[in-house]
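Note sheet for the following structure.
FYI, side chains are in, hydrogens and waters are out, and symmetry mates aren't considered; it's all heavy atoms of this structure. Proteins get letters first, then strands, A, B, ... in listed order; numbering begins at 1 in each.
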There are 2 protein chains.
Amino acid sequence: MPRGLRHHWCRSRFRGSGFRMTVPREVIFNILNSTDSHLSAEDIYHKVHRHYPGIGLTTVYRTLDLLSEMGLVRRFDFGDGRGRYELIMGPKGKVHHHHLLCTSCGRVIDYKEFLEDEKQLLGKTEKGLSRKYNFKITDHDITFMGLCEKCKGGD
Amino acid sequence: MPRGLRHHWCRSRFRGSGFRMTVPREVIFNILNSTDSHLSAEDIYHKVHRHYPGIGLTTVYRTLDLLSEMGLVRRFDFGDGRGRYELIMGPKGKVHHHHLLCTSCGRVIDYKEFLEDEKQLLGKTEKGLSRKYNFKITDHDITFMGLCEKCKGGD
DNA sequence: CTCAATGCAAATCTTTTGCATGCTA
DNA sequence: TAGCATGCAAAAGATTTGCATTGAG
């Protein structure tokens, strides 16, 4: 058993969900866990490939599906034709953030500020929506679109 | 010139943007303009095809791109691997709504309620984000995810 | 040992592109 | 009439699937 396969909190998540912990799964998880980027499956595959040329793109996709199913990862679409994957759980629970998307260059910025105000409003809205549409709301997604610093030009 | 090519407000939009008004464009626009669904390119193609078998899928895609570029249509991704297109302008300006997405069956509900409260908060947040990230915000997208009436089962 | 997990190649599906032809303005 | 717009076929990508093999528990 390779070093590192022992001590990750995600290990117990895998085992607890009835899945096996394997090297590919750990490597892929670690990449997601140590980046702030919004990686596509292929991005992840390239990073993996540098140190583990044996791990295939298919496994990346399958692992991402698994992590999504387990609720550790979420897939986002920013309109460039490929999915982007982000860890949404830390060892201590949900790590919440929203996105700022540049419609010109495609850059994505995460933001965690201003969430306090949102919290109240979202709570209220969620309640209203749940009642009106008889819908059980479990999550939400907020994205602001516009032009980033570089793309909006002189300022 | 087929009947109907004359009197649509979108016609002047096309002409004003330097594009020609054609039968396919009008037909595709009309479909978007008379549905509450979240149609994919293929969905639109099938609807078109019933009455105008000559219009191809490629033209549907190209027209949707054009309408997006003109700001009349927006493409949404609900995670099922294909884009969904919605008219976001009416003759009187922007028609704003948000989405409720069932993570089990994929159903999407539009909602227009509760937007008043949102407006204030979003304005405030936008201002904060613009300043902090030097970002010019032009639009936003809010989606609530969860289980719809049918999928959440007994109540 | 058993069966879940993997890798590879091929298949699938959505969206885009090249090019000859048609049609709007 | 001049070019933009279209249709078709083919290409390009992203993601999924089939199947024999590997390896975690």
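- Of the two residues near DNA chain D, B/Ile55 and B/Arg20, the one whose nearest nucleotide lies more 5' is B/Arg20.
- Nucleotide C/dT12 holds its P atom 18 Å from the OH atom of A/Tyr61, rounded to whole Å.
- Residues B/Ala41 and A/Pro24 each lie close to DNA chain C; by heavy-atom proximity, the contact nearer the 5' end of the strand is made by A/Pro24.
- The distance from atom CG of B/Leu64 to atom C1' of D/dA5 is 15 Å, rounded to the nearest whole Å.
- There is no side-chain donor-acceptor pair under 3.5 Å between A/Glu42 and A/Tyr61.
- Taking only side-chain nitrogens and oxygens, B/Arg75 comes nearer than 4.0 Å to OP1 or OP2 of C/dT15.
- Between B/Arg75 and B/Asp77 there is a salt bridge, since at least one side-chain N of the basic residue sits less than 4.0 Å from a carboxylate O of the acidic one.
- For A/Phe76 and D/dA14, the CZ to P distance is 20 Å, given to the nearest whole Å.
- Following rounding to the nearest Å, B/Ile28 (CD1) and D/dT6 (C1') show an atom-to-atom distance of 11 Å.
- Taking side-chain N and O atoms only, B/Arg15 has no distance below 4.0 Å to OP1 or OP2 of C/dT24.
- In this structure, the nucleotide among C/dA25, C/dT14, C/dT6 sitting nearest to the side chain of A/Arg25 is C/dT6.
- Checking B/His38 against B/Asp43 by side-chain atom types alone, no donor-acceptor pair falls below 3.5 Å.
- Two residues, B/Tyr85 and B/Phe19, neighbour DNA chain C, and the one matched to the more 5' nucleotide by heavy-atom proximity is B/Tyr85.
- As rounded to whole Å, 16 Å separates atom P of C/dC13 from atom OH of B/Tyr45.
- A sub-4.0 Å separation between OP1 or OP2 of C/dA4 and a side-chain N or O of A/Thr22 is absent.
- Protein atom OH of B/Tyr52 is 15 Å distant from nucleotide atom P of C/dC23, rounded to whole Å.
- Taking atom CG on B/Leu57 and atom C1' on C/dT14, their separation rounds to 9 Å, with Å as the unit.
- For A/Met21 and C/dA5, the CE to C1' distance is 13 Å, given to the nearest whole Å.
- Side-chain atoms of A/His140 and A/His96 form a donor-acceptor pair, as typed in the model, at a separation below 3.5 Å.
- A side-chain donor from one of A/Glu86 and A/His99 sits under 3.5 Å from a side-chain acceptor of the other.
- Between the side chain of B/Arg62 and the base of D/dG7, at least one donor-acceptor pair of N or O atoms lies under 3.5 Å.
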